[in-house]
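Encoded as structure tokens, the structure appears first; notes follow it.
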Protein chains: 2
Amino acid sequence: MNLNIMSAAISAIQPFEAQAQIFKVLSHPARIAILEILRDGEECVCHMEAYLGLRQAYISQQLAVLRESGIIQDRRDGWNIFYRVTDPRIFEVLDVVQRITGIEVPDVHQAGFHCTCPRCMTEQQVTNEEG
Amino acid sequence: MNLNIMSAAISAIQPFEAQAQIFKVLSHPARIAILEILRDGEECVCHMEAYLGLRQAYISQQLAVLRESGIIQDRRDGWNIFYRVTDPRIFEVLDVVQRITGIEVPDVHQAGFHCTCPRCMTEQQVTNEEG
DNA sequence: TAATGATATTCATGAATTTGAATATTATGT
DNA sequence: ACATAATATTCAAATTCATGAATATCATTA
């Protein structure tokens, strides 16, 4: 098999595999958008559907990629599953690359949608009662 | 075609395309290794061959990906082509992700190889004369 | 335990990426 | 012009990725 022929190359590149893996997970606009949604703390999947206007199954697939990489973690609360970022330094990565591109990132929470999860309903109720 | 059905989704994700593109380019260990080689300034391709122990054609392919993305630029000097990083902030990105992984990045310049490009030959000559 | 809401998984297909092999290009020296 | 050194490009096969459709799971409520 002559595996040893490439041993120098493999060992030279192998230490960068872990970094490359993180970059691969980040190399999809929907996954970046999801992380932006999680910037201010944990959110349930229904929020992501509402904010992004994407089908549930699609979002769930992208969540699976993020989850399996360890970048996000999930927590079940009744019917809803809440996701949060494991290591907030991932936002530093997004920040730097955002500065490099120079493209303004939209506020993913400004979409004006509302989902029907308990937390949203409570928030709406509170807002209505307050206003 | 019903293109408008997905318009909300497309517009929600589209602003992150540029970031995703950069991450995609970085999502390969050989390309990260090349950038590490360029950390201290421009280097010729022969250096990368020497340091990484990879075939020339392979390195050239990865250089093309980096070059076409705009992350690196090239400059010809006689027989050799020297590459340099366009925006040093790309190293901030590598730094943060490196901290997240916690994996020590090897010094890609410690390999002890020497190529036969004019600069290497001059350096060797100078070193020998100095020592 | 059956129905329902929220979310996840499986499957299939087309598109993109990886990477080795061969070949081309470009500049230099004779 | 020709040979050579340094680097780039093309091509093709294998693998991986993106994504839509359908279905499954898991917790809750009746």
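In what follows, chains are A, B, ... by sequence order, proteins preceding strands, each numbered from 1. Note that the structure is predicted; figures quoted are calculated from it, not measured.
Between D/dT7 and B/Asn80, a contact under 4.0 Å exists linking OP1 or OP2 to a side-chain N or O. For B/Arg76 and C/dT26, the shortest distance from a side-chain N or O to OP1 or OP2 is not below 4.0 Å. Within the 4.0 Å cut-off from OP1 or OP2 of D/dA18, at least one side-chain nitrogen or oxygen of A/Arg31 is found. In terms of phosphate contacts, B/Tyr83 brings a side-chain nitrogen or oxygen within less than 4.0 Å of OP1 or OP2 of D/dA8. Of the side-chain N and O atoms in B/Arg67, none sit less than 4.0 angstrom from OP1 or OP2 of D/dT7.
Side-chain atoms of A/Ser60 lie closest to C/dT7 of the nucleotides C/dT7, C/dA21, D/dT7. Residue A/Tyr58 places its side chain closer to D/dG20 than to any other of D/dT7, C/dA8, D/dG20. Taking every side-chain heavy atom of A/Arg55 into account, D/dA21 is the closest of C/dA21, D/dA21, C/dT7. Of the candidate nucleotides C/dA22, C/dA8, D/dT19, D/dT19 has the atom nearest to the side chain of A/Gln61. In the set C/dT7, C/dT9, D/dT7, C/dT7 carries the atom at the smallest distance from any side-chain atom of A/Ile81. Of the candidate nucleotides D/dA6, C/dT19, C/dT7, D/dA6 has the atom nearest to the side chain of B/Trp79.
One atom, CZ of B/Phe82, and another, P of C/dT26, lie 19 Å apart when rounded to the nearest Å. Atom CG of A/Leu63 is separated from atom P of D/dT19 by 15 Å (rounded to the nearest Å). With rounding to whole Å, B/Glu43 atom CD is found 11 Å from D/dT7 atom P. At whole-Å resolution of the value, CD in A/Gln56 and C1' in C/dT4 are 15 Å apart. In this structure, B/Glu49 atom CD and D/dA6 atom P are separated by 9 Å, rounded to whole Å. Rounded to whole Å, atom C1' of D/dG20 lies 12 Å from atom CD of A/Gln62. When rounded to the nearest whole Å, the span between CG of B/Asp74 and C1' of C/dT26 equals 13 Å. Rounded to whole Å, the distance from CD on B/Glu68 to C1' on D/dT7 is 14 Å.
Across residues 21-30 of chain A, A/Lys24, A/His28 each have a non-hydrogen atom less than 4.0 Å from an atom of DNA chain D (numbered order).
With salt bridges taken as basic N to acidic carboxylate O contacts below 4.0 Å, one links A/Asp95 and A/Arg39.
The side-chain heavy atoms of B/Val93 and A/Ile100, taken from C-beta on, include a pair separated by under 4.5 Å. A/Ile13 is listed as a side-chain neighbour of B/Leu54, based on a closest heavy-atom distance under 4.5 Å. With contacts defined as side-chain heavy-atom distances shorter than 4.5 Å, the pair B/Ile72/B/Ile90 does not qualify. Within the 4.5 Å cutoff, the side chain of B/Glu49 has heavy atoms near those of the B/Ile59 side chain.
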For residues 20-28 of chain B, run the donor-acceptor check on the side chains, cut-off 3.5 Å, and write out each pair with its distance to 0.1 Å, sequence neighbours left out.
residue: B/Ser27; atom: OG; partner: B/Lys24; partner atom: O; Å: 2.6
residue: B/His28; atom: ND1; partner: B/Ala30; partner atom: N; Å: 3.1

Enumerate donor-acceptor pairs with a distance under 3.5 Å from any side-chain N or O in residues 60-71 of chain B to protein atoms, sequence neighbours excluded.
residue: B/Arg67; atom: NE; partner: B/Tyr83; partner atom: OH; Å: 3.2
residue: B/Ser69; atom: OG; partner: B/Leu66; partner atom: O; Å: 2.8
residue: B/Ser69; atom: OG; partner: B/Ile71; partner atom: N; Å: 3.3

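Along DNA chain D, the nucleotide nearest A/Gly78 and the nucleotide nearest B/Val45 are compared for position; the residue whose nucleotide lies closer to the 5' end is B/Val45. Each of B/Asp77 and A/Ala64 has a nearest nucleotide on DNA chain C; the 5'-most of these lies closest to A/Ala64.
For the side chain to side chain donor-acceptor pair (under 3.5 Å) criterion with A/Glu42, the lone passing option out of A/Arg84, A/Arg75, A/Gln73 is A/Arg75.
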